[in-house]
Amino acid sequence: MNDTTEARPQPGKPAIIRRRWGISLIWTVPIVAAAIGISMLVHAWLSEGPEITILFHTATGLEAGKTPVKYKDVTVGAVTAITLSKDGSHVKVKVALMQSAKSLTSKDSRFWVVRPRIGASGISGVDTLFSGAYIGVDKGQSEDTASEFTGLEMPPPVVGDMPGKSFILKSEDLGSLDIGSPVYYRRIQVGRVASYQLGESGQDIKLQIFIDAPYDRYVTTNTRFWNASGVDVSLGADGLKLKTQSVSTIVAGGVAFASPMGRQASPAPKDTEFTLNADQGAAMAPPDGEAQYIQLKFEQSLRGLSVGAPVQFSGVDLGHVVSINLDYDPVKHRFPTVVGVLVYPERMGRVLDKLPKLEGDNDKQAAVFMHAMVKQGLRAQARLGNILTGQLYIAMDFIPNAPKAEMDVNARPINLPTINGSFDRMQEQIANIVAKIEKMPLDSIARNLDATLVNLDNTLTQVNRQVLPQTAQTLQQTQRTMQEADETMQQARQTFGNVDSLLAEDAPLQQNLGQTLQEVQRTSRSLRVLTDLLGRHPESLLLGRPQEPSAVTTKPPAPTTKEESTK
Amino acid sequence: MTGAVSAGRLGVVSCHACGLVCQDTLPQASHHRPVAESEACGNGARGRSHQVICPRCGAPLHRRRPNSIARAWALLLAGLIFYIPANVLPVMYTSLLGSGSDNTIMQGVIEFWKSGSYGIALVIFIASVLVPCTKFVVLGVLFATSQRGSRWAMKERAKLYRMVELVGYWSMLDVLVVAVVAALVKFQGLSDIEPRIGILFFGMVVIMTMLSAMSFDPRLIWDGDTE
């Protein structure tokens with residue numbers, strides 16, 4: 001057998017090919033394995049996305065190797081490491097993104113940690129309560145990519161590709177607004193405040209608001225925005241008014257907008273700038289137009305005048321006070337108050353059309369016009385607006401008999417002559433009265449009065465001591481006298497009673513008196529007869545009765561009686 | 001080493017399937033068995049052209065498993081290759097109250113170790129790292145020595161081989177655990193465990209090493225002794 005083996009190498013040759021075939025057949029297994037392994041590696045290598053670093057203030061809830069990065073709730077990467085920054089002020093979170101998330105590394109992408117948050121405007125991130133925090137991403141628009149980002153501390157209220165538009169609101173201050181504060185249109189929440197930042201000059205605040213589609217088309221070029229925060233209480237002639245938006249705006253603040261009625265306007269383009277007014281009234285007021293700055297120099301103290309106080313012309317609110325400053329007059333050694341006011345001529349309304357058109361720029365026109373008015377007696381005056389609070393306002397009015405004042409047409413800012421306020425004149429008058437009172441010799445008057453009073457006191461003491469006891473005696477005497485008088489009166493009454501009884505009809509005196517009177521009558525008749533007789537016959541006194549006594553005596557008496565009665 | 005006469009020397013061959021011993025009518029090339037086998041594994045392949053069949057059960061007859069060492073090597077290599085992704089890729093996804101994470105085998109071991117469960121960490125480590133690794137080494141040593149017809153520590157090598165075969169049954173422990181746990185722990189939202197691609201590779205490792213050990217003809221260990 002051994003010999004034959006040597007004899008057979010030749011046919012073995014073709015078998016070598018078969019052997020190779022056989023070898024390769026079994027060796028496909030590791031080759032396939034390697035291929036799978038390599039493909040996995042390649043896949044892993046290909047799906048390996050960019051690695052970025054995000055800076056956060058704190059790494060609360062973040063865990064290296066576990067915390068995912070999610071975009072639209074799809075995991076696009078994971079935190080691989082968390083380290084402190086060199087100065088220890090930040091946390092550097094290293095994130096390995098997937099290949100598909102490469103577009104998320106554009107420069108203006110925003111990263112934030114999603115964790116449960118409870119704020120005035122609601123609760124967010126509840127789903128992370130159990131699952132743990134994750135890092136949210138908002139894809140940026142920029143073409144440039146970056147590998148280092150600064151994470152946001154709060155989730156952005158507006159995420160990149162939401163349908164809607166953002167607008168810019170300019171405001172003097174932020175009020176109670178915050179990121180996420182709602183924006184209302186007819187009390188429907190249609191958007192929210194996305195961000196805010198100070199203007200470059202630091203004089204105003206720029207708020208970026210985002211209005212969701214389809215409401216964004218209600219924002220037109222003449223839309224007015226106002227701060228709808230909190231509670232608006234106003235006390236007007238028609239009573240107390242309380243205005244609020246929803247309860248959440250009371251807590252979290254909000255912005256509302258509306259367009260003036262009856263005006264057609266095209267929808268505002270993206271990022272249009274608007275002014276955020278303080279309230280609805282101010283927002284819906286007609287536009288003020290250009291403001292005219294006017295300087296007023298008052299010689300009086302302006303206690304009670306504050307910045308923002310109204311400036312009125314013939315009762316129309318034309319503007320407001322913007323500055324109150326002291327000045328020094330080296331000639332008179334006085335400190336006049338310089339008040340700067342902004343006047344909006346447009347507020348005069350249609351009157352403007354009737355005013356004469358003047359040459360020159362706005363300042364020039366205003367100056368020339370005012371110069372003419374000053375000649376007619378136009379003066380600025382600080383008047384008392386509210387007696388209780390002592391608030392002053394500036395009135396521009398035609399003052400009759402105003403002292404002459406010169407106005408420099410070419411001075412800038414325009415300087416309007418002033419006159420002391422009505423209240424101040426009253427004060428002056430009162431001061432004059434007070435001065436006059438002060439001039440009175442009150443001291444000597446008081447002294448004299450004092451002396452007089454002392455005398456009076458003495459006199460009264462005297463009266464007390466002497467006159468009064470006498471008076472008492474007198475009174476006693478009087479009393480006694482009175483008692484006596486009383487007795488007398490009683491006696492008199494008795495007497496009168498007696499008299500009365502005497503005078504009674506059935507009284508004997510009466511009867512006696514009647515009889516007596518009859519007697520007297522009879523007596524007087526006989527006496528008359530006697531006197532007649534004597535008249536006719538005086539001689540009868542001596543000669544006695546004539547002869548024909550009865551005929552004669554009876555006849556004549558009748559006419560005599562008549563004569564007597566006629567007399 | 002042994003005084004016993006081998007089948008090859010007697011000119012007989014036993015059937016692998018039914019154990020029937022019959023006359024060796026296989027091609028002559030394979031007569032020089034020790035040399036031929038150690039040269040390469042071509043013999044069986046060459047024999048295929050002259051297929052000899054067991055008269056009783058009809059299984060093809062060969063003196064040694066054909067192509068045994070090459071197959072064993074190839075499968076071992078495949079296993080070794082699969083072992084890399086099995087360790088690198090996550091084997092299991094666990095989520096507890098919504099916070100989920102993928103775990104590779106070593107991560108799991110380290111996590112258990114850190115949390116103080118040394119026993120579990122050790123079991124996992126032994127079952128998924130130590131055993132496969134020793135298996136690779138043992139099989140490699142076995143194949144290499146057999147290929148060279150080494151006479152070194154033949155009894156021990158035979159023992160090793162038996163041990164590897166025995167361990168092979170339990171190598172699927174990891175895969176089984178993942179399968180069972182993934183099937184049992186399904187509490188929507190609260191807790192969830194899902195298998196990940198790594199466990200598939202791990203299973204492949206186990207299968208490959210088992211196949212490798214199976215395709216190795218332990219008689220080759222003793223072939224060096226015959227000459």
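Since this is a predicted model, take the numbers as computed values, not measurements. Residue numbering restarts at 1 for every chain, and letters A, B, ... go by the order of the sequence lines.
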Q: Identify which part of L77(B) has an atom lying under 4.5 Å from any heavy atom of chain A, answering side chain, backbone, both or neither.
A: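 Both parts, backbone and side chain.
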Q: Around atom CZ of F136(B), are there more than 12 heavy atoms of other residues, nucleotides or ligands at under 6.0 Å?
A: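 Enclosed.
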Q: Can you give each donor-acceptor pair under 3.5 Å made by side-chain atoms of residues 89-103 of chain A, sequence neighbours left out, with the distance rounded to 0.1 Å?
A:
| residue | atom | partner | partner atom | Å |
| --- | --- | --- | --- | --- |
| S89(A) | OG | D87(A) | OD1 | 3.1 |
| S89(A) | OG | D87(A) | OD2 | 3.1 |

Q: What part of L211(B) is in contact with chain A, defined as an atom under 4.5 angstrom from a non-hydrogen atom: side chain, backbone, both or neither?
A: neither
Q: Looking at Y161(B), I'd like to know if its OH atom is crowded, meaning that more than 12 non-hydrogen atoms belonging to other residues, nucleotides or ligands lie closer than 6.0 Å.
A: yes
Q: Checking an interface table here. Which of residues 196-205 of chain B come within a heavy-atom distance under 4.5 Å of chain A?
A: I197(B), F201(B)
Q: Among G37(A), A34(A), A78(A), which residue forms the greatest number of heavy-atom pairs with chain B at distances under 4.5 Å?
A: A34(A)
Q: Please check if the number of heavy atoms outside E153(A) that lie under 6.0 Å from its CD is greater than 12.
A: yes
Q: So which heavy atom on V29(A) is nearest to which on A78(B), and how close?
A: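 The pair with the smallest heavy-atom distance is CG1-CB, 3.7 Å.
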Q: For K107(A), is the NZ atom crowded, meaning more than 12 foreign heavy atoms sit under 6.0 Å from it?
A: no
Q: Pick one of side chain, backbone, both or neither for I38(A), based on which atoms fall under 4.5 Å of a heavy atom in chain B.
A: neither
Q: Does atom CE of M214(B) have more than 12 heavy-atom neighbours from other groups under 6.0 Å away?
A: no
